[in-house]
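Sequence positions, counted from 1, serve as the residue numbers for this chain.
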Amino acid sequence: MLLIGDDWAEDHHDVELQDESGRKLATANLPEGVAGIAKLHELIARHGGELEPAEVVVGIETDRGSWVQALVASGYQVYAINPRQVARFKERYASSGAKSDKGDAHALADMVRIDRDRLRSVAGDSEAAQAVKVVARAHQTLIWERTRTFQRLRSTLREYFPAALAAYADLTLTSTDALELLIKAPTPATGAKLTRTQITAVLARHRRRNRDAKAATVQTALRERQLALPEQVTAAYAATVTAHARLLIALNEQIAVMEEQVKAHFLKHPDAEIYLSMPGIAEITGARVLAEFGDDPERYASAKARKNYAGTSPVTRASGKSHTVQARYVRNNRLADALQTQAFCALRASPGARRYYDKQRAREIGYNPALRQLGNRLVGILHGCLKTRTTYDEATAWSHHAYPQPA
């Protein structure tokens, strides 16, 4: 076999080629793109002799991008390795913490040579699944960015205009109508001058219900007396808040656009019907779960393997007289977030899920651990549905769990 360590950067790749004994055959610095891939193929042909593509093994610290797809398309075995695993592996050589691109490429080549059986190869997901992954992750990233921007906006308002936080609480300050009102009146003085007609007009444009009552509440809150700052300082704060508010409006627009893209791509996928049959899953949650699990039928050998990847199954730590069972904290956070959402929603959608959750709570297990155990069970059910190509059935899913035990 030919073992390759590929340490990638934005514009180049440092690679090292080894044979099965660990002997270094070649090193190279390759440019990103078509030219770089062509040179890599030349190196493999020069040192691989008559090897089949499947006998070429590549270790790289990412599972995405055109470079990785080109490696997979060439028929090579590609392993996406967590950078944390690489850092721990390098401690075999030295504990100094020294780092170089060539050193990382060497470590990656050694890892796929020595520990290949413990690594996860890049999944052979379909193009449809890859498309869902791209849009689902982009949509979630925009939501996270909106949350960060909102926290900055809220922190700024607390420092000079706390009345606005109270005034727009019922509207939700991330909503576009509340942001438009904040842009229209970004200071305590201008906020106090807003008329009920002006407020109602903005609410009407965004089709708010009970507009008159909401406008009255907003106006009353904005006219509450508060401590004042110097005019020049207030103007500076107002400019900052206006910038954040405009950014939030733009994020709201793009989140709505991406949400439609997520739904469109997800509903085209052949597994969508199975995901949507699961309790607690709608289009967005289903798209996120599909995106992170992928659709390679060979990726998860068992329900346990899928649960381990999801991070819902517990970790046992046993040493001497100590024996503990703990949650997995090293996991795919995007997938964990989606599965937590599904488990929470399933409490209302599925009587079986509710009974399972209540049983855990009756054992004095906390809210989050009980929800995680429910999520673990739902992952197992999903695995069975995907394996047998059948949709979720409430009676079948919970027939053996009348008296549920911890996952």
Of all heavy-atom pairs between [X] and [Y], which one has the smallest distance, and what is that distance?
{"X": "Ala346", "Y": "Pro279", "result": "CB-O, 3.8 Å"}
{"X": "Ala353", "Y": "Glu394", "result": "N-OE2, 4.4 Å"}
{"X": "Pro53", "Y": "Ser74", "result": "CB-O, 3.3 Å"}

My understanding is that only one of Leu182, Thr187, Ile183 makes a side-chain contact (heavy atoms from CB on, under 4.5 Å) with Val241; could you say which?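 It is Leu182, the one option of Leu182, Thr187, Ile183 that forms the side-chain contact (heavy atoms from CB on, under 4.5 Å) with Val241.
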Between the side chains of [X] and [Y], is a donor N or O closer than 3.5 angstrom to an acceptor N or O?
{"X": "Asn376", "Y": "Ser313", "value": "no"}
{"X": "Thr141", "Y": "Arg334", "value": "yes"}
{"X": "Thr388", "Y": "Thr390", "value": "yes"}
{"X": "Asp337", "Y": "Gln140", "value": "yes"}
{"X": "Arg306", "Y": "His383", "value": "yes"}
{"X": "Gln360", "Y": "Arg363", "value": "yes"}
{"X": "Gln340", "Y": "Gln342", "value": "no"}

If we ignore hydrogens and angles and just use 3.5 Å, is the side chain of [X] paired with the main-chain N or O of [Y] as donor and acceptor?
{"X": "Ser126", "Y": "Ala129", "result": "yes"}
{"X": "Asp104", "Y": "Asp7", "result": "no"}
{"X": "Thr285", "Y": "Ile281", "result": "no"}
{"X": "Ser399", "Y": "Thr396", "result": "yes"}
{"X": "Ser277", "Y": "Tyr392", "result": "yes"}
{"X": "Glu16", "Y": "Gly5", "result": "no"}
{"X": "Thr312", "Y": "Asn308", "result": "no"}
{"X": "Gln130", "Y": "Asp125", "result": "yes"}
{"X": "Arg223", "Y": "Ala192", "result": "yes"}
{"X": "Glu159", "Y": "Thr156", "result": "no"}

ring-ring contact (aromatic ring centres under 6.0 Å, His included) with [X]: which residues, sequence neighbours excluded?
{"X": "Phe89", "result": "Tyr93"}
{"X": "Phe293", "result": "Tyr300"}
{"X": "Phe150", "result": "none"}
{"X": "His269", "result": "none"}

Please, which pairs that meet salt bridge (Lys or Arg N to Asp or Glu O under 4.0 Å) have at least one residue in [range], sequence neighbours excluded?
{"range": "residues 54-77", "answer": "Asp63-Lys133"}
{"range": "residues 168-196", "answer": "Asp177-Arg208, Glu180-Arg205"}
{"range": "residues 273-293", "answer": "Arg137-Glu292"}
{"range": "residues 243-260", "answer": "Glu259-Lys263"}

Applying salt bridge (Lys or Arg N to Asp or Glu O under 4.0 Å), can you list everything that pairs with [X], at least two apart in sequence or on another chain?
{"X": "Arg148", "result": "Glu145"}
{"X": "Arg354", "result": "Asp358"}
{"X": "Arg113", "result": "Asp110"}

With a 3.5 Å cut-off and sequence neighbours excluded, list the donor-acceptor pairs that the side chains of residues 24-43 form with protein atoms.
unit_1	atom_1	unit_2	atom_2	d
Asn29	ND2	Asp14	OD1	3.3
Glu32	OE1	His13	NE2	2.6
His41	ND1	Tyr76	OH	2.9

Heavy-atom check, side chain of Leu248 versus side chain of Leu173, under 4.5 Å: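 When only atoms from C-beta onward are counted, Leu173 and Leu248 do not touch, as no gap falls below 4.5 Å.
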